[in-house]
Asks: 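Dumping the structure here so I can ask a few things about it.
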Number of protein chains: 2
Amino acid sequence: MEEVAKVAGVSLATVSRALRTPEAVSPKLRTRIEEVSRRLGYAPNRIAGSLAGARTPLIGVIVPSLTNSFFAGTLEQMTTLFEAKGYQLMIGQHGYDTDREERIVAAFASWNPSALVVTGRAHTRNTLNTLSSSACPVVEMWDHGERPLDSGIGFSNRAAGKLAARFFAEQGIAKAAFVGAILDKDDRARARAEGFRQEFLHLTRFEPLIVTANNRELGEGGSALKRVLGQQPETSAIAFSGDMLAVGAMFEADRIGLSIPGDLKILGYGDLDIARNTNPRLTTIRPPHNAIGEAVVRHVLERLEAPDTPSVNLDLGVKLILRETV
Amino acid sequence: MEEVAKVAGVSLATVSRALRTPEAVSPKLRTRIEEVSRRLGYAPNRIAGSLAGARTPLIGVIVPSLTNSFFAGTLEQMTTLFEAKGYQLMIGQHGYDTDREERIVAAFASWNPSALVVTGRAHTRNTLNTLSSSACPVVEMWDHGERPLDSGIGFSNRAAGKLAARFFAEQGIAKAAFVGAILDKDDRARARAEGFRQEFLHLTRFEPLIVTANNRELGEGGSALKRVLGQQPETSAIAFSGDMLAVGAMFEADRIGLSIPGDLKILGYGDLDIARNTNPRLTTIRPPHNAIGEAVVRHVLERLEAPDTPSVNLDLGVKLILRETV
DNA sequence: GTAATTTATGTAAGCGCTTTCATTTGGGTT
DNA sequence: AACCCAAATGAAAGCGCTTACATAAATTAC
């Protein structure tokens, strides 16, 4: 920058202004400075800029997993949307480990970002402290519940589980089961399982079988199906915590000669692309993935542009996509 | 930090040392300082630290897409591995747009990261300039080719395409086709298509049909299948640029009553989890996804620990996974 | 033409750390 | 006890910018 200032024959301050707030500098100087800095290939040092200025153009976003297509999709969307406004995403991933989340949140906060976005509502005490003592807007996304730390944008997983149960009950299903991936770690899937259990029990007086799969991949869907059938042979409908598990179960059903939905009804969750393409096409529950990404970006941008904008706590709801497996 | 220094009754320098290089400070002072900073909840300001020190603990990684499970997997792996060494990933995503890549690279470079990792070998002139003028190690991953900018770790997509063609030719296939997603933008898929075309033509004197799909999702696999069959009805084998497309085609084949591999042979690419679970199970080509992530991390860490470590240019090769669709 | 504004530029004080260099302290040696 | 050397600590100089604040230049008002 010093170089640019010298060549352009102006002071450091003027260069900074020409680059940062072009309207504050006279047109002729501005063009000269821009020309010189381009010619010299000057690239401002963000770090210095951020130290001197108040904030970084960084938005910290923390998700449990990058390979989960929901979060990947939300992140991709947010990246693009924020980038257009000059913000840069700092992405963290903790693999459903709240201690790791704690460390990541602390690390992110130490860059004093413009905003912090975390996934879910379950955090350690320290995470909560770091989050609430950071000066920026904080949004907890994907889960809806009472009293978010600052803003909350998501939907109720419990309600999603209940929706599935109600749907099964309405179809006159007597014995149902729920298959969830890593129910011990993924509290969102656990909330769906619990909502399902409660509502199905309430509606039919039957306590549904809950089975935990070790991951969210297809193979596990197949083996979970076998386990369900082993433990509760008369099961006529299974709700899965993810479409991939459901599809895996469909493949397995195909192999063991079970017809769907005749012998067994299957309900997915996620409405991934694959759900529209299987034979038969998968009936599933769609979380508001795109709406979440958009709402988060919109809200954060609003807060950043008008700091007195109040926090929000949005429930975006889920939707049952009726296709052919139930 | 000033606060901590005052309370502990030492100078700023000592606090900094106690936290940064504990072995340089006497045990009793060290424990006192650590205790005080914990009690005060002191969180160092990374930005100031980086400005004063030489480098940030940031590693910039730029991929075309976050929703592509390869990149997502590599990123997840790299995040975990680097995190263990105290580095933090800065993830960028450009959607196969080299101009966007240019902007992202520039933005990342301005944080002067410890290393920069980009995907592929196709970059704009400016990207190349920024990359080579940045003081840190640069690795181009996923593609192998001559003379990387600095280090290169990947495999040859062209060779992967040739492998598919050779395999088909050996099976005695007369009329083959290749279906690739967004061949106009994804130069890796294009390289595979081109390798396939060249080798199949060379081996059988038959110019295979090349069809472009609009995205890498299942639905497109189905419609691409219809297009292939429309344009070249006698096609007996199709290679796809991705497993999802291949699976989509399998679903469609099922719908139109085509038996696989009897009527039509299908070869995927990626060896995603789903490939092991379809009926029949998908024969596919597996790129060295995990090996790439590991090799990148290992190499970068080496370079960072011993700056005189030479660059590398690794070809990790691909593997044909023989299953039931060919 | 001068005074009062407004606008454009320059000066210099940090931002919160790290690190060099100088100084002090605490053991060993003789 | 005097001396030397290594280890521990402190003082202070930046790191490369931004931004009050001060100053100069250009307008406008009278």
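Residue numbers start from 1 in every chain, and the chains themselves are labelled A, B, ... in the order their sequence lines are given, proteins ahead of strands.
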Asks: C:dC17, D:dG16, D:dA20: which one has an atom nearest the side-chain heavy atoms of A:R17?
Replies: D:dA20

Asks: In this structure, how many angstroms lie between the P atom of D:dA8 and the CZ atom of B:R30, rounded?
Replies: 9 Å

Asks: If you find the nucleotide of DNA chain D closest to B:A48 and the one closest to B:A13, which residue's nucleotide is nearer the 5' end?
Replies: B:A13

Asks: Which one of A:D187, A:T119, A:D186, A:V118 satisfies the side-chain contact (heavy atoms from CB on, under 4.5 Å) criterion with A:P64?
Replies: A:T119

Asks: Separation of B:N112 atom CG from D:dC17 atom P, in whole Å?
Replies: 11 Å

Asks: Taking the six-membered ring for Trp, are A:H144 and A:F155 closer than 6.0 Å centroid to centroid?
Replies: no

Asks: Rounding to an integer number of Å, can you tell me how far A:L19 CG sits from D:dT18 C1'?
Replies: 12 Å

Asks: Would you say a side-chain N or O of B:S16 is under 4.0 Å from OP1 or OP2 of C:dC17?
Replies: no

Asks: Using whole Å, report how far CG of B:L12 lies from C1' of C:dT19.
Replies: 13 Å

Asks: Before you tell me yes or no, could you show the steps for B:R103 and B:D97 under salt bridge (Lys or Arg N to Asp or Glu O under 4.0 Å), namely the whole-Å CA-CA distance, both residues' side-chain angles and the distance that decides it to 0.1 Å?
Replies: CA-CA 10 Å; B:R103 289 194 298 275; B:D97 176 343; 5.3 Å; no

Asks: Could you state the CD-P distance from B:E2 to D:dA11, rounded to the nearest angstrom?
Replies: 13 Å

Asks: Checking side-chain contact (heavy atoms from CB on, under 4.5 Å) against A:E83, which of B:H94, B:R100, B:Q93 comes through?
Replies: B:R100

Asks: Name the nucleic acid region contacted by B:L29, choosing base, sugar-phosphate or nothing; use a 4.0 angstrom heavy-atom cut-off, strictly under.
Replies: sugar-phosphate

Asks: Is there a side-chain polar atom (N or O) of A:Y42 under 4.0 Å from OP1 or OP2 of D:dC17?
Replies: yes

Asks: Report yes if at least one side-chain N or O of B:T14 is closer than 4.0 Å to OP1 or OP2 of D:dG10; otherwise report no.
Replies: yes

Asks: Atom CZ of B:R55 to atom C1' of C:dC17: distance rounded to whole Å?
Replies: 18 Å

Asks: Can you check side chain to side chain contact (heavy atoms under 4.5 Å, CB included) on A:L301 and A:Y87, steps first, answer last?
Replies: CA-CA 10 Å; A:L301 254 22; A:Y87 291 98; 3.9 Å; yes

Asks: Is A:S26 close enough to C:dT9 that one of its side-chain N or O atoms is under 4.0 Å from OP1 or OP2 there?
Replies: yes

Asks: Rounding to an integer number of Å, can you tell me how far B:I33 CD1 sits from D:dA8 C1'?
Replies: 11 Å

Asks: With no angle test and no hydrogens, is the base of D:dG16 tied to the side chain of A:R46 by a donor-acceptor pair under 3.5 Å?
Replies: no

Asks: Using whole Å, what does the distance between atom C1' of nucleotide D:dT18 and atom CG of B:L51 come to?
Replies: 12 Å

Asks: From C-beta outward on B:R20, which listed nucleotide comes closest to its side chain: D:dG16, D:dG10, C:dC17?
Replies: C:dC17

